[in-house]
Amino acid sequence: MSDGWVVSGKVKARETAEGLEIVIDGLTTQGRYYKPLVYEFFRKEWRGSRPAWGDHAVDIRMEHIGDPPWMDLDNLAKALLDAIKGFVFHDDSQVARLLVERFPGEREQITIKVYALKR
């Protein structure tokens, strides 16, 4: 694709100048749904960069329409970090900064941005 997105089903990802951007279309209140969805995307479709060492920042943004879904953001973050571990960074301990937020948006989706921290 000319815009750099690798797309498979509800998941798409691309490498940017800052790091990696992942978008998941749709929302569910079941955090455990996301781990196999994203993991299988990286295992089967992703041919981009390999896991890196060093500290990383992870920004997870859940956009919703109307009332926010009844979901524990801690569970969402854990499921998504487990899914990308081994493909973006080697271990959860490399996440030096984690931001998880939900906000009203124009569509229901989750956006994950991961980038290495330069210290």
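Heavy-atom basis, side chains included; hydrogens, waters and symmetry copies ignored. Because the structure is a prediction, the values reported are computed rather than measured.
- Atom NZ in Lys78 sits 11.0 Å away from atom CG in Leu98 (nearest 0.5 Å).
- Residues Gly31 and Ala79 share a closest heavy-atom pair of O-CB, 3.4 Å.
- Taking CD1 of Ile24 as the reference point, atom CG of Leu80 lies at 5.0 Å (rounded to 0.5 Å).
- Across all their heavy atoms, His64 and Glu108 have their closest contact at CA-CG, 4.2 Å.
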What's the verdict on ring-ring contact (aromatic ring centres under 6.0 Å, His included) for Tyr39 and Phe87, showing C-alpha distance, side-chain angles and the deciding distance? CA-CA 9 Å; Tyr39 176 82; Phe87 298 101; 5.5 Å; yes

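- Separating the CD atom in Gln30 from the CE atom in Met71 is a distance of 7.5 Å, to the nearest 0.5 Å.
- A heavy-atom distance below 4.5 Å is not found between the side chains of Ser8 and Lys44.
- Dense packing is recorded around CG of Asp91, with more than 12 heavy atoms of other residues, nucleotides or ligands lying under 6.0 Å away.
- You'll find the side chain of Glu21 stays beyond 4.5 Å of the side chain of Ile112, heavy atoms only.
- Rounding to the nearest 0.5 angstrom, the gap separating the CZ atom in Phe103 from the CD atom in Glu101 is 6.5 Å.
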From CA spacing to verdict: side-chain contact (heavy atoms from CB on, under 4.5 Å), Trp5, Glu15: CA-CA 8 Å; Trp5 289 103; Glu15 291 182 278; over 6 Å; no

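- Across all non-hydrogen atoms, the minimal contact from Tyr34 to Leu27 is OH-CA, 3.2 Å.
- Looking at Leu73 and Ile60, their side chains never come closer than 4.5 Å, going by heavy atoms from C-beta outward.
- Nearest heavy atoms, Ala96 versus Leu117: CB-CD1, 3.7 Å.
- Scanning both residues, Pro51 and Gly86, for their nearest heavy atoms gives CG-O, 3.2 Å.
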Val23 vs Asp25, test: side-chain contact (heavy atoms from CB on, under 4.5 Å). Steps then yes/no. CA-CA 6 Å; Val23 177; Asp25 288 330; 4.1 Å; yes

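- To the nearest 0.5 Å, atoms CE (Met62) and OG1 (Thr111) are separated by 11.0 Å.
- In this view, Asp59 and Arg97 satisfy the side-chain hydrogen bond (donor to acceptor under 3.5 Å, both in side chains) rule, not counting sequence neighbours.
- Across all their heavy atoms, Lys12 and Val7 have their closest contact at CB-CG2, 3.7 Å.
- Checked against side-chain contact (heavy atoms from CB on, under 4.5 Å), Phe89 has the following partners two or more places apart in sequence or in another chain: His56, Val58, Leu81, Ile84, Lys85, Asp92, Gln94, Val95, Val114.
- Atom-to-atom distance recorded for Arg14:CZ and Ile22:CD1 is 12.0 Å, nearest 0.5 angstrom.
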